[in-house]
Amino acid sequence: VFVATGMTVQLTGGAFATGPASSIQGGGPVIMKTGTTLNISTAQPLAITGGTFVQTGGTIYGIGAMNIASGGAFNWFAGTIALTNPAAITIQSGGVMNLEGGTAPKTFQQGRLINHGTLNWNDDNSISGLHAGDNTVFDNFGKMNIQCDSYFDDVSTTLHPAFTNEDGGVLTKSASSGTSSIGFMVI
């Protein structure tokens with residue numbers, strides 16, 4: 001999908017699915033709202049290449065993955081990510097993922113988030129936060145900026161989530177003087 005600057009594509013309800021070589025590009029955002037499901041149904045990832053994907057609700061699921069390339073952005077305000085791919089989300093160098101919003105929680109049911117770019121945790125609070133389910137792994141090789149007072153918590157039933165700050169990974173807490181917590185294993 002190419003969305004021109006000044007334009008917006010909204011997924012406002014119903015079921016959507018990606019096909020082979022699906023991508024989000026351009027200067028305008030694709031916004032996924034509550035009541036919407038997005039099935040990433042192929043082994044090829046949904047590539048965010050120079051565009052912005054915004055999830056304000058709904059569920060992203062399937063066997064596929066999301067790849068946030070250089071110049072691409074994924075803004076996650078609320079909703080569920082339930083991708084069964086072990087490498088569910090990859091943020092490439094130059095890519096950005098923003099965990100935001102203080103009105104509703106975000107749930108990452110399973111899979112791995114691999115950060116080689118920038119992961120910003122902004123404008124979140126004790127009402128929302130991020131719930132991590134079974135076998136969820138956050139691997140930080142890039143920059144993770146915590147700029148809020150909120151939490152990641154463990155909602156797993158069998159395999160607990162983990163956060164690993166890999167060699168070269170930088171984890172920074174700034175722009176807020178309160179408490180942020182990662183309520184699962186930090187390696």
Side-chain angles (χ1 to χ4, degrees), residues 1-69 71-92 95-115 117-125 127-136 138 148 150-153 155-156 161:
V1 173
F2 182 86
V3 184
T5 300
M7 304 301 289
T8 300
V9 171
Q10 293 191 33
L11 309 177
T12 58
F16 298 86
T18 63
S22 293
S23 66
I24 296 172
Q25 304 173 31
V30 173
I31 302 172
M32 180 177 162
K33 297 192 171 196
T34 300
T36 304
T37 59
L38 176 61
N39 182 1
I40 302 177
S41 58
T42 67
Q44 292 180 320
L46 169 61
I48 303 170
T49 58
T52 301
F53 180 68
V54 180
Q55 183 180 6
T56 62
T59 300
I60 299 171
Y61 71 100
I63 62 169
M66 296 173 64
N67 185 355
I68 306 160
F74 174 33
N75 301 332
W76 189 15
F77 287 90
T80 300
I81 296 175
L83 294 165
T84 58
N85 190 311
I89 299 173
T90 301
I91 307 164
Q92 299 293 337
V96 176
M97 182 173 177
N98 297 302
L99 304 174
E100 305 189 63
T103 59
K106 294 156 282 298
T107 301
F108 194 178
Q109 283 188 339
Q110 64 186 16
R112 187 172 172 209
L113 187 149
I114 305 163
N115 178 33
T118 302
L119 177 61
N120 297 311
W121 187 14
N122 310 310
D123 301 324
D124 219 343
N125 58 37
I127 296 170
S128 54
L130 185 135
H131 305 297
D134 285 315
N135 205 24
T136 298
F138 293 84
C148 63
S150 191
Y151 62 90
F152 284 6
D153 71 345
V155 295
S156 66

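Along the sequence shown, residues are numbered consecutively beginning with 1. Please read these numbers as outputs of a predicted model, since none were measured by experiment.
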Q: Which atom names give the shortest non-hydrogen contact between I91 and M97, and what distance separates them?
A: CD1-CB, 3.5 Å
Q: Quick one: CG on L99 to CZ on F77, what's the gap to the nearest 0.5 Å?
A: 10.5 Å
Q: Do L38 and T36 come close enough that some side-chain heavy atom pair is under 4.5 Å?
A: no
Q: For L46, does its backbone N or O pair with a side-chain atom of T18 as donor and acceptor, under 3.5 Å?
A: no
Q: What distance separates I60 CD1 from M32 CE, expressed to the nearest 0.5 Å?
A: 5.0 Å
Q: Examine distances only and state if a side-chain atom of K106 and a backbone atom of E100 form a donor-acceptor pair shorter than 3.5 Å.
A: yes
Q: Distance check, rounded to the nearest 0.5 Å: H131 atom NE2 versus T136 atom OG1?
A: 12.5 Å
Q: Could you state the interatomic distance from CD1 (I89) to CG (L119), rounded to the nearest 0.5 Å?
A: 9.5 Å
Q: What closest approach, in Å, do D123 and C148 show between heavy atoms, and which atom pair accounts for it?
A: N-CB, 3.8 Å
Q: Classify the ring geometry between W76 and F108 as parallel (under 30°), tilted (30 to 60°) or perpendicular (over 60°).
A: perpendicular
Q: Working to the nearest 0.5 angstrom, can you tell me the gap between W121 CH2 and N98 CG?
A: 13.5 Å
Q: Of all residues at least two apart in sequence or in a different chain, which pass the side chain to side chain contact (heavy atoms under 4.5 Å, CB included) check with T52?
A: P29, V54, A73, N75
Q: Is there a donor-acceptor pair under 3.5 Å between the side chain of S156 and the backbone N or O of G133?
A: no
Q: To the closest 0.5 Å, what do you measure between CG (N67) and CD (Q92)?
A: 4.5 Å
Q: What pair of heavy atoms forms the shortest contact from I24 to V30, and how long is it?
A: CG2-CG2, 3.8 Å
Q: Within the distance-only criterion (no hydrogens, no angle test), does the side chain of S23 pair as donor or acceptor with the backbone N or O of I48 below 3.5 angstrom?
A: no
Q: Within the structure provided, determine whether Q55 and I81 are in side-chain contact (heavy-atom separation under 4.5 Å).
A: yes
Q: What pair of heavy atoms forms the shortest contact from L83 to A88, and how long is it?
A: CD1-O, 3.6 Å
Q: Donor-acceptor check, side chain of Q44 to backbone of A21, threshold 3.5 angstrom: yes or no?
A: yes
